[in-house]
Protein chains: 4
Amino acid sequence: MNESTVIVPGWVGGDVDLREVGESQVASFRLASTPRYQRQGEWVDGPTSWFTVNCWRGLARHVAGSVRRGDAVVVHGRLRVDTWTRDDGSTSTTVVVDATSVGHDLNRGTATFTRPARRDPAAAEPGPAVGPPVEPAAGEQGRPAA
Amino acid sequence: MNESTVIVPGWVGGDVDLREVGESQVASFRLASTPRYQRQGEWVDGPTSWFTVNCWRGLARHVAGSVRRGDAVVVHGRLRVDTWTRDDGSTSTTVVVDATSVGHDLNRGTATFTRPARRDPAAAEPGPAVGPPVEPAAGEQGRPAA
Amino acid sequence: MNESTVIVPGWVGGDVDLREVGESQVASFRLASTPRYQRQGEWVDGPTSWFTVNCWRGLARHVAGSVRRGDAVVVHGRLRVDTWTRDDGSTSTTVVVDATSVGHDLNRGTATFTRPARRDPAAAEPGPAVGPPVEPAAGEQGRPAA
Amino acid sequence: MNESTVIVPGWVGGDVDLREVGESQVASFRLASTPRYQRQGEWVDGPTSWFTVNCWRGLARHVAGSVRRGDAVVVHGRLRVDTWTRDDGSTSTTVVVDATSVGHDLNRGTATFTRPARRDPAAAEPGPAVGPPVEPAAGEQGRPAA
């Protein structure tokens, strides 16, 4: 509880590193996020912020199999600021996101999605066996013209 | 200003509908979101919530070219609750998300990403010409061991 | 898991209702959220969205003791869309936020805060006994001039 | 566009600093956020993350008039990671939130709210003149029993 949550759209700045941690897996990558805003009618880049993104369990393996350096992604997760001391006594700070979800940013390109053929026992949690639910009829009526 | 913002993980419950609106395009789809929680040690599904998701400009065309019925996605955007009157005088309510971003949910499967070959003039805003930034050396030092 | 999360700034549209639910308490209120945007240089109101906000445990009692009809608040929590059938067979929809946090919106006015004199056993979770942490010296150096 | 957004619950770790910036005002404070989680049935504190929070326009003045060292607040805004070079050549990192909203965290205590007596010309944007909207009758019917 009492967690900080963040949504970061950005570019993957390096390779994805997949490691074993005990009986689980973690996939990590560096993420660069650069806001854009209008100044006097022109789009300009703001300064780039860098994050370390950690993914766990099923998300770790799917990210390792899907995300490449240079991909545009959106990351949602818990944020923390790690401050630590180097060997020379100076301090350094890393901003870390423990990801709840990762997806390619469809503002920036297209993607094709593949669901696992069978229930994945390493997924974050078991999902429904038969895929997405079917909407009741009233919901379709509820769809607005625009 | 004063907007409500939402993050919805869910399954695409129907086909994506791409339409011309003035000089722009909008892609719409229905999204079903079903939370899961543990009750007495077992994972159970909560009730399903249904949303209408609207995507604009470059996001609209990329979603139309990427998202299929049954895909797992994560949607981030502005939330509104539309209440309207049917022909018979009864009222109906539709919950709408005007999407800021859409991506496939890599908790649920894998995806391959393709960037447009050239600058896309219909993108939401012009992006950097040469792709993701290169991290300065200090950032790599900042990567924690775990 | 797989939850939809939302942030809603709005006005409290009715009285706060505090009820006993088993051994816990729930405080509920109706919340109206009206986005504002610029059209041809003028600020205009968009349509108002209505939500039911539920608060639990310590948050319930603090909200019941703090929030009044007409207050401006920001609510963060889990979103769900409840569709149910009336006695006459028609369906109705309520959009519900199970609140993680509630605070008065300091864009809209001022507020004075009072911490409980003693550890509150009904709080959402036990907090640190002695209040906020003291920042290490390096953090103060890290404060930018602007 | 392409911004990172964050929600941070935390404790105010210092005094609020209100400054003139051109024709506007900015209020800044340091914020400490400490997640709590259960380990073997006991609540324990995680490491504390520190942020610099900047507030602008009407929010700046209301925060300066409302927020004190030791208050519990929830901050919503845009996140950036500033890395800069000290006089001795070493680098330092500050994590900054440009606040969209700030409110006292009613999980942690109670608060009383005061709206400005008159329209505040320095507010972030002009609001409706007559306060919160009145809910139509159908909405009240839509209120669930629990």
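Excluded from the calculations below are hydrogen atoms, water molecules and symmetry mates; all remaining heavy atoms, backbone and side chain alike, are included. Residue numbering restarts at 1 for every chain, and letters A, B, ... go by the order of the sequence lines.
- The contact between T48(A) and chain B is made entirely by side chain atoms (from C-beta outward), counting heavy-atom distances below 4.5 Å.
- Looking only at distances, a side-chain donor or acceptor of N107(B) sits under 3.5 Å from a matching main-chain atom of T100(A).
- Using a 4.5 Å cut-off between heavy atoms, A72(A) touches chain B through backbone and side chain atoms alike.
- Annotation for D88(B): atom CG counts as buried by contact number, over 12 foreign heavy atoms lying within 6.0 Å.
- Only the side chain of V67(B) comes within contact range of chain A, judged by heavy atoms closer than 4.5 Å.
- The shortest distance between side-chain heavy atoms of V74(A) and V74(B) does not fall below 4.5 Å.
- Both the backbone and the side chain of H104(A) come within less than 4.5 Å of a heavy atom in chain B.
- In terms of heavy atoms, D105(B) sits closest to F113(A) at O-CE1, 3.7 Å.
- Highest contact tally toward chain B, considering only G103(A), G65(A), P9(A), is held by G103(A) [criterion: heavy-atom pairs under 4.5 Å].
- Taking a 6.0 Å sphere around CD of E42(B), one finds it holds 12 or fewer heavy atoms contributed by other residues, nucleotides or ligands.
- Using a 4.5 Å cut-off between heavy atoms, V102(A) contacts chain B through both its backbone and its side chain.
- Rounding to the nearest 0.5 angstrom, the gap separating the CG atom in L106(A) from the OG atom in S66(B) is 4.5 Å.
- In terms of heavy atoms, P116(A) sits closest to R108(B) at CD-O, 3.1 Å.
- Between I7(A) and T5(B) there is no side-chain heavy-atom pair separated by less than 4.5 Å.
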